[in-house]
Q: 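Dropping a structure here in structure tokens format, bear with me for questions.
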Amino acid sequence: FLHQKCNKYFCIIVAIKYKKSSALGAMRFRFLAIFTKLLKTSALTSGRQDSIVSSFISWASPNLPEFTRLSSTDKKKLDGGNVKNSTKYILKALKKYHTKITFFIVGQIFEWYPELIDQIAKDGHEIAYHTHEHEIITDKQVLIKSLIKSKKFIEKYKPVGFRAPRISIDTECLSVLKNYGFKYDS
């Protein structure tokens with residue numbers, strides 16, 4: 001079982017890993033800056049700017065209390081198809097440049113868009129696991145609960161890679177991951 005802190009790669013919302021110095025990495029940061037600026041100045045927000053920006057920030061930082069208290073249905077409504085659409089865009093770009101990557105999937109995203117995860121696998125990318133609800137792994141019990149919630153996902157894709165939210169996991173959890181068939185923790 002391999003456990004490593006990986007600073008060669010970076011994890012984004014859909015939990016894709018890519019080289020920090022890559023054009024995709026730079027594009028993501030430019031996108032966030034442009035998107036936030038557009039929200040603040042858009043005529044579409046007219047008076048609703050604070051709630052829209054807050055929603056975006058909550059989605060971009062899913063461990064905020066106001067986000068974690070939402071039901072899965074409410075989280076999906078807040079997403080509004082953005083995960084699905086942006087992932088399809090990323091898949092198209094990866095196909096164009098004949099590039100394969102590892103997608104660290106949040107189990108809840110599999111529940112919302114199973115056909116999207118099927119497409120990622122069909123395109124030949126590695127499917128890895130990033131907890132069920134992007135919960136912070138504070139101990140073995142939290143990890144086991146997350147793994148149980150993602151049973152269908154784990155059985156279907158048999159991921160061998162794991163990445164904890166905030167890249168933080170106690171070494172006592174590594175034996176649990178190994179028992180579930182994981183071979184590495186990034």
Side-chain angles (χ1 to χ4, degrees), residues 6 9-18 24-25 27-29 31-32 35 52 54-95 99-138 142-169 173 176-177 180-186:
C6 188
Y9 297 98
F10 187 77
C11 180
I12 67 170
I13 296 167
V14 184
I16 321 167
K17 73 178 184 181
Y18 57 86
L24 189 58
M27 180 172 53
R28 183 221 176 212
F29 290 108
F31 167 76
L32 288 175
F35 182 72
I52 291 173
S54 295
S55 294
F56 173 71
I57 290 167
S58 294
W59 179 242
S61 306
N63 294 113
L64 294 173
E66 60 271 17
F67 184 82
T68 58
R69 287 190 279 258
L70 295 174
S71 69
S72 179
T73 303
D74 288 339
K75 289 176 187 177
K76 185 177 179 183
K77 283 180 191 173
L78 177 61
D79 170 54
N82 290 317
V83 166
K84 185 177 183 176
N85 295 335
S86 59
T87 303
K88 284 182 176 183
Y89 177 82
I90 290 168
L91 286 171
K92 186 177 175 181
L94 292 169
K95 188 176 278 189
T99 303
K100 303 293 182 204
I101 63 172
T102 297
F103 283 80
F104 287 88
I105 307 293
V106 172
Q108 209 166 46
I109 302 298
F110 167 70
E111 291 175 349
W112 299 350
Y113 309 116
E115 70 287 348
L116 180 65
I117 312 308
D118 287 342
Q119 186 62 53
I120 293 169
K122 182 181 171 200
D123 287 358
H125 302 286
E126 179 185 3
I127 302 288
Y129 183 58
H130 193 50
T131 72
H132 189 76
E133 297 175 352
H134 204 264
E135 60 269 40
I136 304 301
I137 305 300
T138 54
V142 173
L143 176 59
I144 291 168
K145 186 177 173 184
S146 182
L147 291 162
I148 290 169
K149 285 181 180 179
S150 293
K151 183 179 179 182
K152 288 180 184 177
F153 169 79
I154 292 168
E155 287 176 352
K156 182 170 184 171
Y157 297 103
K158 299 176 180 29
V160 296
F162 177 81
R163 185 176 184 99
R166 295 192 183 169
I167 316 167
S168 176
I169 188 168
C173 295
V176 173
L177 291 171
Y180 273 83
F182 292 94
K183 300 210 183 290
Y184 72 90
D185 164 48
S186 80

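In this chain, residues are counted from 1 in sequence order.
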Q: Evaluate the side-chain proximity of F162 to L147: yes if any heavy-atom separation is below 4.5 Å, no if none is.
A: no
Q: With a 4.5 Å limit on heavy-atom distance, are the side chains of I120 and L91 in contact?
A: yes
Q: Checking V106 against V83 for the side chain to side chain contact (heavy atoms under 4.5 Å, CB included) test, could you report, in this order, the C-alpha distance in whole Å, the side-chain angles of both residues, the deciding distance, and whether it holds?
A: CA-CA 11 Å; V106 172; V83 166; over 6 Å; no
Q: For ring-ring contact (aromatic ring centres under 6.0 Å, His included), just list the numbers for Y157 and F110, CA-CA rounded to whole Å, side-chain angles, deciding distance to a tenth of an Å, and then say yes or no.
A: CA-CA 11 Å; Y157 297 103; F110 167 70; 5.8 Å; yes
Q: Verify, without hydrogens or angle tests, whether K84 (side chain) and I109 (backbone) share a donor-acceptor contact under 3.5 angstrom.
A: no
Q: Looking just at side-chain N and O atoms, do Q108 and H134 make a donor-acceptor pair shorter than 3.5 Å?
A: no
Q: Do any N or O atoms from the side chain of N82 and from the backbone of D79 form a donor-acceptor pair under 3.5 angstrom?
A: yes
Q: Can you find a heavy atom in the side chain of L177 that is under 4.5 Å from one in the side chain of L143?
A: yes
Q: Quick check on K149: does its NZ atom have over 12 non-hydrogen neighbours (other residues, nucleotides or ligands) under 6.0 Å away?
A: yes
Q: Quick one, S72 and W112 - any side-chain contact, counting heavy atoms below 4.5 Å?
A: yes
Q: Just wondering, do I101 and L94 contact through their side chains at under 4.5 Å, heavy atoms?
A: yes
Q: Report yes or no: does E135 contribute a side-chain atom to a donor-acceptor pair with the main-chain N or O of E133 at less than 3.5 Å?
A: yes
Q: Return the set of residues passing side chain to side chain donor-acceptor pair (under 3.5 Å) with S71 (not counting sequence neighbours), or none when no residue passes.
A: D74
Q: Is the NZ atom of K92 crowded by more than 12 outside heavy atoms at less than 6.0 Å?
A: no
Q: Answer yes or no: is there a donor N or O on one side and an acceptor on the other, between the side chain of S186 and the main chain of R163, under 3.5 Å?
A: no
Q: Return the minimal non-hydrogen interatomic distance between I136 and P165, and the atom names on each side.
A: CD1-CB, 4.2 Å
Q: Mind checking what makes side chain to side chain donor-acceptor pair (under 3.5 Å) contact with K76, not counting sequence neighbours?
A: none
Q: Does any part of the side chain of F182, heavy atoms only, come nearer than 4.5 Å to the side chain of V176, both counted from C-beta?
A: no
Q: For the pair K156 (side chain) and F153 (backbone), establish whether a donor and an acceptor sit closer than 3.5 Å, ignoring hydrogens and angles.
A: no
Q: How close do S150 and G107 get, heavy atom to heavy atom, and via which atoms?
A: OG-CA, 3.7 Å
